[in-house]
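Everything below concerns the one structure shown next.
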Amino acid sequence: MVTPATKIPLNGLARSLVKEELLTEAEAQLHCEEALKRRVPLVGYLVANKVLDSRSIANTVSHEFGLPLLDLNAISASTLPLKLVNEKLIRQHHVLPLYKRGNRLFLAVSDPTCFQALDEIKFHTRLSTDSIVVEEDKLAKTIDMALEAADTSIKDLIDSDLDNLQITAGGEVSETRADIDTSDIDDAPIVRFVNKILLDAIKKGASDIHIEPYEKTFRIRFRQDGMLIEIAHPPPNLSSRLVARLKVMSRMDIAERRVPQDGRIKMAISKSRAIDFRVNTCPTLYGEKIVLRILDPTSAQIGIEKLGFEPEQRDAFLKSIAKPYGMILVTGPTGSGKTVTLYTALNLLNQPDVNISTAEDPVEITVPGINQVNVNPKTGLTFAEALRAFLRQDPDIIMVGEIRDLETAEIAVKAAQTGHLVLSTLHTNDAPQTLNRLMQMGIPPFNVASSVLLIMAQRLARRLCEHCKKVEDLPKQVLLAAGFKENEIGTFTVYGPVGCDMCNKGYKGRVGIYQVMPITDPLNRIILEGGNVTQIEEQARREGISDLRESGLKKVKAGITSLEEINRVTKE
């Protein structure tokens, strides 16, 4: 940890920026310390926080180190020799192979002083490495584009590939599984149809697949951007065969139709990318309904910049997760993106010198380097038991999927007070209510005040499609009623959805809306005095903390989403 008395020696890049008078020595020292705290490269920190523009940094680096400067816009991603360097190394060290000449590999870098990256790539490729300086923002964009283009595109899969997809089951085979004839289940058309459903869901960016039998109909729906959309109506007589096929794929007991069952499916869609499906069956009047949750590991690697935080919210969140101990709570309803937010934080914290353990029900996103536990109340492995085990395993950081009861809450608070960073979720509507909920569960106010660092409520709103969104001319009275201030009206443009071939009814993708509430000394005093939700809300407002509605309106002013969508996901 960097203390005020400890100064980090300025490296070659920082010294060069000072020499060129782009930064003062004090500024360079401060930014180096902040980049180290956040565990991000200095160049990335300077560009992301708009301290310097990437072009100025690239020009300075090129001049100071005598290296060629390249504009990545002139490079075609399809010509890059990506097979020479592992994708993990490219992302980890933020470099991009440009071309190979003999036994020399030329790499695009924004910081040529990162010698560890060059040495590691030299070791893995057995090639000499040369650096070519590029702009940081263009490098990040080109890496994403190049790796995405190199991966097998689902859109390119043709019908003949549907039979040969590598699909495996997770979990154990049920001991009660009956030895019955599965010839109908393995029927080629059924196999192909189920594979097509799974591929279409991934291609369309769906989060869930609903397969629902009724008396005279049978329908399949995808949840896209939080909304359920009907996709197909197969013949009702196929319902039992489709359900049986999915149960076989996820290793469930196909003879048991009276009780719910859980399973998993893993689909390898390319050599470097696999998608997990969490499968659940539920008996209904006319057969078993199946819901598949699509678990894409890349969803937790999108980067904190893309989650939708306002700058001050992001800084407060990063400041809290950088602390050595305490509790961070994320709240919101099911499907509000809490898991992705927590795993984004864990990815930032996941380093070789840190021991991270998580208890979840179930584990949705698997991450190398993190010890993940599936809780199983049937065998006695509850959240509380998992937490007790973690505390005997020399942890640094603990993530609890959800605090559901007093026992779990007490152990989590104790862990936060005894030198561990604890991340967890609660189902409450906003941040102030979370403090009240903890005290209602039976946690004494002094324990809440001494353990909780930050509470964050969140929702997901659909993004407007950039290709077809239109300007909406809303009356002043409507904008005032929505919550905009009178002095703001006329300074921004409100957009609404249209709908085109590139989107889903005018929307494409989702963005987070947050209420980020650090626990300050005044809030601690209110907690210790047994204050109610109203008092906490008033103090948060005095400290300038935006509630969910205000954060949503900022997204409307920025043209990211529509007022109609914010009205849907937040109370007016």
Side-chain angles (χ1 to χ4, degrees), residues 87-88 148 151-152 154 165-172 194-211 220-228 231 246-252 260-282 289-303 306-307 330 332-347 350 356-376 399-402 423-425 458 460 509-510 512:
E87 179 181 347
K88 182 179 177 182
E148 184 178 346
D151 205 355
T152 301
I154 301 167
L165 283 173
Q166 295 182 21
I167 298 176
T168 57
E172 298 297 325
V194 170
N195 291 352
K196 188 176 189 308
I197 291 171
L198 302 183
L199 283 173
D200 284 349
I202 299 169
K203 183 170 67 176
K204 292 181 178 181
S207 60
D208 300 87
I209 305 169
H210 291 242
I211 299 174
I220 297 172
R221 295 189 291 174
F222 292 170
R223 189 176 291 278
Q224 294 176 242
D225 298 333
M227 308 294 285
L228 279 170
I231 297 298
L246 285 165
K247 289 172 75 172
V248 166
M249 291 168 68
S250 50
R251 289 191 177 177
M252 295 181 191
Q261 296 187 65
D262 291 294
R264 290 178 82 97
I265 298 171
K266 181 183 284 290
M267 175 185 284
I269 58 176
S270 75
K271 290 182 180 179
S272 61
R273 188 180 176 202
I275 304 291
D276 284 347
F277 296 84
R278 191 180 79 208
V279 188
N280 176 265
T281 68
C282 182
K289 172 177 176 175
I290 290 191
V291 175
L292 298 91
R293 168 63 60 88
I294 301 172
L295 309 173
D296 187 352
T298 59
S299 64
Q301 300 170 0
I302 59 175
K306 296 182 182 178
L307 289 180
V330 181
T334 301
S336 59
K338 300 188 295 295
T339 301
V340 170
T341 299
L342 286 175
Y343 268 99
T344 300
L346 290 179
N347 273 321
N350 187 13
I356 303 176
S357 296
T358 74
E360 301 165 75
D361 183 19
V363 172
E364 294 192 2
I365 300 169
T366 56
V367 179
I370 297 178
N371 308 291
Q372 298 172 279
V373 173
N374 262 326
V375 302
N376 187 352
M399 196 270 272
V400 189
E402 184 184 348
L423 292 81
S424 189
T425 70
Q458 71 177 80
L460 289 177
R510 289 190 287 179

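Nothing here was measured: the structure is a model prediction, and the numbers come from that model.
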Query raised in the report: What's the spacing between Ser207 OG and Gln224 CD if we round to 0.5 Å?
Result: 9.0 Å
Query raised in the report: Thr425 side chain to Gly401 main-chain N or O, any donor-acceptor pair under 3.5 Å?
Result: yes
Report task. Measure the shortest side-chain to side-chain distance between Val291 and Arg223 over non-hydrogen atoms and say whether it is less than 4.5 angstrom. Result -> no
**Report entry** Minimum side-chain heavy-atom gap Val367-Leu346 below 4.5 Å
**Finding:** no
Requested in this report: Specify the closest pair of heavy atoms between Lys338 and Val330, including all atoms of both residues, with the distance to one decimal.
Outcome: CD-O, 3.7 Å
Report task. Kindly determine whether Ile202 and Met267 satisfy side chain to side chain contact (heavy atoms under 4.5 Å, CB included), including the steps that lead there. Result -> CA-CA 11 Å; Ile202 299 169; Met267 175 185 284; 4.0 Å; yes
**Report entry** Closest non-hydrogen atom pair between Lys247 and Thr281, with its separation
**Finding:** CG-CG2, 4.2 Å
**Report entry** Spatial distance of atom CG (Asp262) from atom CE (Met252) [nearest 0.5 Å]
**Finding:** 6.5 Å
Query raised in the report: Nearest 0.5 Å, what's the NZ-NZ distance between Lys196 and Lys203?
Result: 6.0 Å
Query raised in the report: Are the side chain of Asn350 and the backbone N or O of Tyr343 linked by a donor-acceptor pair below 3.5 Å?
Result: no
Requested in this report: Hey, could you give me the CZ/CE distance between Arg264 and Met249, rounded to the nearest 0.5 Å?
Outcome: 14.0 Å
Query raised in the report: Taking all atoms of both residues into account, what is the closest heavy-atom pair of Ser336 and Leu460, and its distance?
Result: O-CG, 3.4 Å
Requested in this report: Take Leu295 and Phe277, measure what side chain to side chain contact (heavy atoms under 4.5 Å, CB included) needs, and give me the verdict at the end.
Outcome: CA-CA 6 Å; Leu295 309 173; Phe277 296 84; over 6 Å; no
Query raised in the report: Do Met399 and Gln372 have side chains that get closer than 4.5 Å, going by heavy atoms?
Result: no
Query raised in the report: Can you tell me how far the CG atom of Leu423 sits from the CG atom of Leu342, to the nearest 0.5 Å?
Result: 5.5 Å
Query - Separation between CG of Leu198 and CD1 of Ile265, rounded to the nearest 0.5 Å - result: 6.0 Å
Query raised in the report: So do Gln458 and Val340 actually touch side chain to side chain, heavy atoms under 4.5 Å?
Result: no
Query raised in the report: Quick one: does Glu402's side chain get under 4.5 Å of Asp361's, heavy atoms only?
Result: no
Report task. Check for a donor-acceptor pair, side chain of Asp225 on one end and backbone N or O of Gly509 on the other, with a separation under 3.5 Å. Result -> yes
Report task. Sort out for me which residue in Ile211, Ile197, Asp208, Asn280 forms a side-chain contact (heavy atoms from CB on, under 4.5 Å) with Leu292. Result -> Ile211
**Report entry** Within-4.5 Å side-chain heavy-atom neighbours: Ile294 and Ile209
**Finding:** yes
Report task. Please name the pair of heavy atoms, one in Pro362 and one in Asn374, separated by the smallest distance, quoted to 0.1 Å. Result -> CA-OD1, 3.1 Å
Query raised in the report: Is Lys204 salt-bridged to Asp200, going by a charged N under 4.0 Å from an acidic O?
Result: no
